[in-house]
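Report on one structure; see the data block that follows.
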Amino acid sequence: MTPLTLDDIYRLQLPGDPDLSPDGSRVAYVLTSQDSVLDSAAHAIYVVATAGGRPRRLTNGPADTAPRWSPDGTTLAFLRAGQLHLIAADGGEARPLTTGQTRPGGAGVAAWCPDGTRIAFSAADSVRDPAAPVVVDEGYWKADGVGLIGAARNQIFVVDVADGRVEQLTDGADDCTAPVWSPDGTRLAFVGRSGPGLEYLGVSAPYVLDLRLEVETGRIPVTPQRIGTGTLLAGALCWYPDASALLVTGRTSLSVGHLNLLHQSVAEPAAPPKLLAADQDRNVMPGAPGYPGALAQFHGDDIIYAVRDHGTSRLRRLPAGSDTAHYLDLPPRLAISGAKVASAAGVVAFVYSDETTFAEVGVMDLGSGEFTRLTEHTATVGIKPLVYQDRNFTISDGTTVPGFVLRDPAAPIGGPLLVDVHGGPHNAWSPQADAIHLYHHELVARGWTILLLNIRGSDGYGESHYLAALGAWGKADERDVLEPVATLVDEGLVDPERVALTGYSYGGFMSCWLSARSELFAAVVAGGVVTDLRSMAGTSDEGRAIAEFEVGGGDRIAGSSPLAYVDAVRAPTLILHGAADERCPPGQAEQWFQALKSRGVVVRMVLYPEASHLFILNGRPSHRVDYSRRLVDWVTAHTGHSRSEPTDD
């Protein structure tokens with residue numbers, strides 16, 4: 001096999017969002033490829049039998065996502081360009097269930113009623129006129145990847161499968177998402193973002209709609225009931241099999257920390273939630289872009305869920321009546337991204353990655369523990385995977401910082417080094433094949449060494465490590481980057497004059513911070529940057545929450561901003577930023593560019609039109625390739641020789 005090149009992005013086919021048929025016989029999933037003509041991702045739905053065989057393409061795409069099996073396994077609901085469609089599991093023409101007339105603002109991911117007659121979904125209750133003034137009264141009024149929201153809120157809707165009639169079940173200021181039906185189909189639970197006044201913090205709680213009241217009163221919308229007491233950060237929900245309680249992924253306090261599994265009584269709605277698997281000291285991962293995981297769900301009375309462990313999202317099983325969970329017997333470096341349990345069949349299906357594949361569909365028998373790979377999408381590309389060497393570095397204060405070194409074993413020692421800092425800050429590098437950071441493959445093929453560090457604040461190493469940089473961004477974790485680099489230099493593995501630094505989001509913050517605090521780096525590429533925490537607090541969609549929870553507010557905001565130390569920057573710096581980034585607004589990049597430019601530092605800024613904060617994950621393929629190519633060219637140009645050597649310039 002050959003090393004991956006940047007243009008190989010157009011050859012990659014990556015499965016995702018799996019759903020397992022109720023009888024456990026088939027997995028539906030989305031296969032994503034990159035369309036070089038339309039310069040966008042193309043999505044189609046495939047089905048593969050758990051008994052084996054070639055995957056079968058079910059839809060033609062190019063914008064088909066979120067397949068969900070009907071309770072009887074005969075039909076799949078899916079989203080096509082934002083509207084719900086139905087298609088027979090054996091194939092045929094898809095039938096639109098919602099349209100631009102019935103749902104002008106589109107629909108959401110299907111949640112089938114247990115009897116198969118209705119589908120619930122969450123969607124915006126109105127369509128904002130892009131030319132109309134935006135009136136803002138609350139702190140939650142824009143979102144990255146969406147843009148200006150204004151007064152629009154997500155509400156809960158149901159659509160009749162037979163005739164397509166749509167009813168809106170909720171109506172109010174709360175943002176209502178993630179509906180799930182009770183086992184008997186009489187109630188809907190959902191997550192409601194609470195307010196007013198605290199909506200910018202993402203305060204949320206579980207709610208229940210009793211649809212029997214609809215029949216009794218004939219009134220729509222039905223008033224939902226909040227379940228549980230006290231402040232709660234609620235995420236994904238699942239009903240207990242006897243419908244007496246909800247399984248909630250969330251927190252019982254408004255603070256930074258691990259997400260937990262919570263038992264929330266529905267029979268006693270005023271009761272506080274109970275913490276499950278309290279001793280695991282790992283973050284529960286329900287899954288989100290860039291944060292792979294799986295929704296917690298039941299297998300009988302046992303709970304199957306995902307946690308992050310040493311950078312890898314892994315499946316665990318919590319037996320009924322126990323508070324001690326154990327990992328499913330899968331390889332420890334196999335990372336889960338989406339999973340679905342067919343309880344009656346005793347099977348769990350999932351998309352996974354490991355050191356040899358970017359993404360494949362797999363299935364595990366929960367009784368025998370047998371694991372089967374069902375697809376070979378990466379094998380069709382034939383790329384050479386990178387080798388992740390585990391390293392642990394002891395920092396001068398005694399802290400252990402884990403990480404990975406990527407390099408071609410045949411490359412000569414004493415070559416250039418790229419240090420890459422992950423985002424979050426509560427994300428983590430993981431030792432799996434990575435189709436996002438394409439520049440890793442390109443640079444390793446050119447003889448570079450890559451250093452990936454799970455510094456303080458990283459996920460997967462316990463909550464104390466997770467919280468170790470709170471209130472001290474940069475100051476608490478700068479040694480976690482600088483000292484491991486010094487170790488590699490002392491070992492003779494890399495040239496101290498040819499060290500480059502990069503990172504995205506929080507990694508972009510650290511790239512700016514470290515370039516102002518150290519002269520170690522010959523070149524810097526800062527992506528999705530944070531440079532001025534004070535202005536970010538007032539302009540980011542999550543700025544106030546970040547300032548309050550992560551930084552600590554007050555004097556810490558100014559003292560933790562790279563802009564306060566910009567006078568010390570000397571390294572040639574490339575800034576790469578989405579022009580439609582609402583999480584780290586482009587003004588952050590502009591401030592850094594102007595500050596470096598005015599001080600005579602070699603600097604270049606590249607803005608990607610219409611690109612949100614997550615464009616490096618799901619943006620235009622041409623933008624993602626351009627990002628990697630510019631990074632490779634910049635660090636290569638500015639580390640082509642030792643800084644002490646003469647040049648021809």
Side-chain angles (χ1 to χ4, degrees), residues 82 104-108 122-156 170-178 191-204 233-235 254 256 288-291 423-425 504-506 508-509 527-551 553 557 561 576-591 607-620 623:
S122 171
D125 58 357
S126 61
V127 179
R128 192 184 71 82
D129 179 356
V134 177
V135 179
V136 178
D137 295 311
E138 299 177 356
Y140 175 57
W141 58 276
K142 65 177 181 176
D144 186 64
V146 177
L148 299 178
I149 298 172
R153 292 291 180 268
N154 285 323
Q155 302 295 343
I156 306 300
T170 62
D171 184 16
D174 288 353
D175 208 47
C176 304
T177 59
V191 175
R193 182 192 290 262
S194 301
L198 294 175
E199 70 285 337
Y200 71 93
L201 296 177
V203 179
S204 52
L233 295 177
L254 193 58
V256 176
Y291 294 80
Y504 191 84
S505 194
Y506 185 77
F509 164 87
V529 302
V530 177
T531 61
D532 180 10
L533 289 166
R534 188 178 300 280
S535 63
M536 184 174 172
T539 57
S540 166
D541 64 342
E542 294 186 355
R544 289 181 65 188
I546 291 171
E548 185 167 331
F549 289 154
E550 290 283 352
V551 183
I557 291 180
S561 295
L576 303 173
H577 210 102
D581 191 337
E582 298 287 3
R583 186 65 37 83
C584 301
Q588 296 291 310
E590 294 166 12
Q591 285 181 278
L607 298 175
Y608 293 90
E610 302 177 358
S612 72
H613 191 61
L614 295 181
F615 85 94
I616 62 167
L617 298 178
N618 53 25
R620 294 177 181 269
H623 285 174

- [ ] State which residues pass side-chain contact (heavy atoms from CB on, under 4.5 Å) with V134; sequence neighbours excluded, sorted by chain then number.
- [x] R128, V136, L148

Task: Backbone N/O of H613 and side chain of Y504: donor-acceptor pair under 3.5 Å - done: yes

Task: Taking every non-hydrogen atom, the tightest pair across S505 and G423 - done: CB-CA, 4.3 Å

Open item on the list: Could you report the tightest heavy-atom contact between G578 and P586, atom names first, then the distance?
Closed with: O-CB, 4.1 Å

Task: S122: partners by side-chain contact (heavy atoms from CB on, under 4.5 Å), with sequence neighbours left out - done: N154, I156, T177, P179

Open item on the list: Can you tell me how far apart CG (D125) and SG (C176) are? Round to the nearest 0.5 Å.
Closed with: 9.0 Å

Task: Residues in salt bridge (Lys or Arg N to Asp or Glu O under 4.0 Å) contact with E610, at least two apart in sequence or another chain - done: R620

- [ ] Using atom types as modelled and distance alone, determine if a side-chain donor or acceptor of D144 lies under 3.5 Å from a backbone N or O of S612.
- [x] no

- [ ] For P289 and L614, work out which heavy atoms get closest and say how close.
- [x] CB-CD1, 3.8 Å

Open item on the list: Under the rule for side-chain contact (heavy atoms from CB on, under 4.5 Å), what residues qualify as partners of A143, not counting sequence neighbours?
Closed with: V146, I149, D541

- [ ] Calculate, to the nearest 0.5 Å, the distance between atoms CG and CZ belonging to D175 and R193 respectively.
- [x] 5.5 Å

Task: Results of side-chain contact (heavy atoms from CB on, under 4.5 Å) for A611 - residues two or more places apart only - done: Y608, F615, H623

Open item on the list: Show the nearest heavy-atom pair for residues P609 and L607, with the distance to one decimal.
Closed with: CD-O, 3.4 Å

For residues 530-537, tabulate all N or O donor-acceptor pairs below 3.5 Å that involve a side-chain atom, not counting sequence neighbours.
unit_1, atom_1, unit_2, atom_2, d
T531, OG1, Q588, O, 2.9
D532, OD1, R534, N, 3.3
D532, OD2, S535, OG, 3.1
D532, OD2, Q591, NE2, 3.1
S535, OG, D532, O, 3.2
S535, OG, Q588, NE2, 3.0
S535, OG, Q591, OE1, 3.2

- [ ] Can you see which heavy atom on S540 is nearest to which on R583, and at what distance?
- [x] OG-O, 2.6 Å

